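One structure is given here, and the rest of the page talks about it.
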Amino acid sequence: MTLRRVVLLRHGQTDYNVAGRMQGHIDSQLTEEGRAQAVRAAPVLATMPFDRIVSSDLTRAVDTANTVAEAIGLPVKLDPRLRETHLGEWQGRSVAEVEIDYPGQITDWRGDPRWTPPGGESRVAVVERSLPVVAEIDADLAGEPGEQSVLLVAHGGMIGGLVSGLLDLPESVWPIIGGMGNCKWAVVARRADHPRWRLSGYNIGVT
């Protein structure tokens with residue numbers, strides 16, 4: 001077992017974040033502040049010994065990953081399995097707008113990982129597609145010398161779900177994993193003598 005740490009970084013601020021609209025698979029762009037957030041985070045993340053960087057293929061994640069990767073000195077591999085939750089008919093809408101057309105369903109969605117927005121996917125489905133990314137990296141690095149670390153650049157909802165999945169938490173407690181700020185990150189790690197992942201930090205970042 002050589003993969004000992006996974007750092008999960010959320011992309012920088014986007015135009016949809018500013019407008020308070022749900023993005024999902026919409027390919028939104030970083031704002032000027034979002035790009036600046038990535039620049040500020042990059043040197044901090046560059047102090048960590050990463051061996052690989054893998055990013056969602058959505059532009060907001062790719063642009064964030066490329067900024068950080070330049071400071072770290074590693075290439076970025078893209079993987080669509082790290083995309084944000086597909087929110088179906090809710091994508092592009094504000095929470096208030098969704099509440100008008102789908103009263104009470106935002107609460108259902110936030111409280112139940114198996115609840116699926118109309119035309120979208122559940123949090124459970126997101127975890128089922130993203131967990132293999134870590135498993136494949138783990139298998140690929142098996143037997144490598146030293147302790148390996150990977151940086152995954154992705155999205156707030158997906159990161160919360162993937163952290164829950166890596167920690168093997170019961171689905172009933174997934175909603176207690178809070179939101180992730182723009183260009184903030186979570187860290188899961190494991191000891192050589194104990195293969196189970198544990199949470200080392202959450203919503204860490206530069207002020």
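Bear in mind that the values here come from a model prediction, so they are computed numbers and not experimental data.
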Quiz item: Is a salt bridge present between Arg40 and Glu33, judged by a nitrogen-to-oxygen distance below 4.0 Å?
Solution: yes
Quiz item: Passes side chain to side chain contact (heavy atoms under 4.5 Å, CB included), Val206 versus Cys183? Steps please.
Solution: CA-CA 8 Å; Val206 181; Cys183 259; over 6 Å; no
Quiz item: Leu87 and Ile159: same hydrophobic cluster, using ILVMFWY side-chain contacts below 4.5 Å?
Solution: no
Practice problem: State, yes or no, whether a side-chain contact exists between Leu152 and Ile137 at a heavy-atom distance under 4.5 Å. | Solution: yes
Quiz item: Does a side-chain N-to-carboxylate-O contact under 4.0 Å join Arg60 and Glu84?
Solution: no
Quiz prompt | Short side-chain to backbone donor-acceptor contact, Arg129 and Arg81, under 3.5 Å | solution = yes
Quiz item: Would Leu141 end up clustered with Val187 when hydrophobic side chains under 4.5 Å apart are linked, directly or stepwise?
Solution: no
Quiz item: Roughly how far, to the nearest 0.5 Å, is CG of Leu162 from CD1 of Ile177?
Solution: 11.5 Å
Quiz prompt | Approximate separation, where rounding is to 0.5 Å, of His86 NE2 and Ile26 CD1 | solution = 8.5 Å
Self-check item: Given His11, Arg83, His155, the one that forms side chain to side chain donor-acceptor pair (under 3.5 Å) with Ser56
Solution: His155
Quiz item: Minimum heavy-atom separation for Val124 to Arg114, with atom names?
Solution: CG2-CG, 3.6 Å
Quiz item: Roughly how far, to the nearest 0.5 Å, is CG of Asp63 from OG1 of Thr14?
Solution: 11.5 Å
Self-check item: Any Gln23 side-chain heavy atom under 4.5 Å of Asn17 side chain
Solution: yes
Quiz item: Mind checking whether Val7 and Leu199 sit in one hydrophobic cluster, side chains of I, L, V, M, F, W, Y counted as touching below 4.5 Å?
Solution: no
Self-check item: Tyr202-Val150 co-clustered via ILVMFWY side chain contacts under 4.5 Å
Solution: yes
Self-check item: Interatomic spacing from CH2 in Trp90 to OH in Tyr102 - rounded to 0.5 Å
Solution: 8.5 Å
Exercise. Identify the residue among Asp112, Asp108, Ile106, Thr107 that makes a side chain to side chain contact (heavy atoms under 4.5 Å, CB included) with Arg110.
Key: Ile106
Quiz item: Any donor-acceptor pair under 3.5 Å linking the side chain of Glu99 with the backbone of Gly104?
Solution: yes
Quiz prompt | Nearest-0.5 Å distance, CD of residue Glu121 to OG1 of residue Thr116 | solution = 8.5 Å
Practice problem: Check whether any side-chain N or O of Gln37 sits under 3.5 Å from a backbone N or O of Gln13 as a donor-acceptor pair, and report yes or no. | Solution: yes
Practice problem: Scan Val76, Asp51, Leu74, Ile72 and name whichever one has a side chain to side chain contact (heavy atoms under 4.5 Å, CB included) with Leu151. | Solution: Ile72
Quiz item: Should Gln91 and His25 count as side-chain neighbours, where that means a heavy-atom distance under 4.5 Å?
Solution: yes
Quiz item: Which pair of non-hydrogen atoms, one from Val153 and one from Ala61, has the smallest distance, and what is that distance?
Solution: CG1-O, 3.5 Å
Self-check item: Nearest-0.5 Å distance, CZ of residue Phe50 to CD of residue Gln148
Solution: 12.5 Å
Practice problem: Walk me through it: do Arg52 and Lys77 pass the test side chain to side chain contact (heavy atoms under 4.5 Å, CB included)? | Solution: CA-CA 8 Å; Arg52 297 195 181 183; Lys77 178 182 178 181; 6.0 Å; no
Quiz item: Is the backbone N or O of Leu30 less than 3.5 Å from a side-chain atom of Arg35, with the two atoms forming a donor-acceptor pair by type?
Solution: yes
Exercise. Take Arg123 and Glu171 through the test salt bridge (charged side-chain N to carboxylate O under 4.0 Å, His left out) and record every step on the way to the result.
Key: CA-CA 10 Å; Arg123 190 166 303 156; Glu171 291 175 16; over 6 Å; no
Quiz item: When hydrophobic residues are tied together by side-chain contacts of less than 4.5 Å, even through go-betweens, does Leu58 share a cluster with Val54?
Solution: no
Practice problem: Compare every heavy atom of Met180 with every heavy atom of Trp185, then report the nearest pair and how far apart it is. | Solution: N-SD, 3.7 Å
Quiz item: Of the non-hydrogen atoms in Pro113 and Ser122, which two are nearest, and what is the gap between them?
Solution: O-CB, 3.3 Å
Quiz item: Considering all heavy atoms of both residues, which atom of Leu131 and which atom of Gly165 are nearest to each other, and what is their separation?
Solution: CD2-C, 4.0 Å
Practice problem: Evaluate side chain to side chain contact (heavy atoms under 4.5 Å, CB included) for Val98 paired with Glu89, printing each intermediate quantity in order. | Solution: CA-CA 9 Å; Val98 171; Glu89 296 177 18; over 6 Å; no
Quiz prompt | Least distance between heavy atoms, Met158 atom then Leu82 atom | solution = SD-O, 3.2 Å
Self-check item: Whether Arg4 side chain and Glu147 backbone form a donor-acceptor pair below 3.5 Å
Solution: no
Quiz item: With no hydrogens and no angle check, is any side-chain donor or acceptor of Trp174 less than 3.5 Å from a backbone partner on Leu169?
Solution: yes
